[in-house]
Amino acid sequence: MSDVDPQIRASMEIRARIDTTKPHSARFWNYFVGGKDNYEVDREIGDHIKEIFPGLVDVAVTSRHFLGRAVRHLAGEQGIRQFLDIGTGLPTADNTHEVAQRVAPDARIVYVDNDPIVLAHANALLTSTPEGKTAYLDADLYDPKSVLDAAAETLDLSQPVALMILNTLGHVAEHAKAVELIQALMAGLPSGSYLVISDSTATSEGMIAASEAYNSSGAVPYYVRPVAEIEAFFDGLELVDPGVVQVTKWRPDGTGPQDVAVDAYCGVGRKA
Ligand SMILES: C[S@@+](CC[C@H](N)C(=O)[O-])C[C@H]1O[C@@H](n2cnc3c(N)ncnc32)[C@H](O)[C@@H]1O
């Protein structure tokens, strides 16, 4: 392999890390939002879950609309220019940097994910405006110090940052651990920073059945939590109106469905 072009070799190494024998949440979620970057194993469990609980498609789609509204609000009304998006997922329409830089072309965005499929497609996340900047970190939410250290190469961590963890905290089942990780990340960000969270909730029998089916598929399990646990993630922060609500009810602006009841809650909180 010594005469192989280094870029091709890097790409082959990333591809070799992709496990197509088990579903992966990035690819499964991509299938739910209508993407093409998924494998048979993801589509099989995806189709089964669509059959037993079609409401999960609404969760995936309306959560992306929430991302858009939250980022527009923060970049527009709150003047935030830096975003740290952990558990980015596969690129799709209206990624964080596209939404933010439409409002503020100088916005800087750091994406973080630990799935090799996201790394393989990361170039689509690096299409920054000339005034702004985007970066991708192949890193782990469970290692907040490394995430912050590497993010500091692109973001000025003495200035406010919006920390976004959307539809990802279910991978951290233990509540105390999730709180610890969020607090470690927020501790590295200055006053005036924001925490943005959305996640699936154990608010219907259908969602609980979907989660059980997903977790028995061999995928890394995904815990759907009670709403109270999502509320508790914002302890110590100033909650932006309207607080922790269903993702369709957070500052609706006509983009995306508003009247759908979804098993996903969200919130935005400001660090004083
Ligand atoms: C369900 S997807 C959500 C994607 C996107 N945030 C969205 O809301 O559309 C969850 C993402 O979290 C990523 N993820 C899971 N565990 C992670 C970890 N420990 N560190 C970083 N990313 C992780 C997965 O690879 C996947 O891309």
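One-based numbering along the sequence shown. Counting convention: from 1, in listed order, for ligands and their atoms alike.
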Which value, rounded to the nearest 0.5 Å, describes the distance between I197 atom CD1 and T168 atom OG1? 10.5 Å
Report the residues that fulfil salt bridge (Lys or Arg N to Asp or Glu O under 4.0 Å) with E131, sequence neighbours left out, ordered by chain and then residue number. none
Given a heavy-atom cut-off of 4.0 Å, could you list the residues near ligand 1 in chain and number order? S25, A26, W29, R64, G87, T88, G89, D113, N114, D115, A139, D140, L141, Y142, L166, N167, T168, H171
Does a donor on one side chain sit under 3.5 Å from an acceptor on the other, for S200 and D263? no
Looking at Y31, does the NZ or CZ of K50 lie under 6.0 angstrom from its six-membered ring centre and within 45 degrees of the ring axis? yes
Whether the H97 and T127 side chains hold a donor-acceptor pair (N or O, under 3.5 Å, no angle test) is what I'd like checked. yes
Does the gap between the ring centers of Y39 and H24 come in under 6.0 Å? no
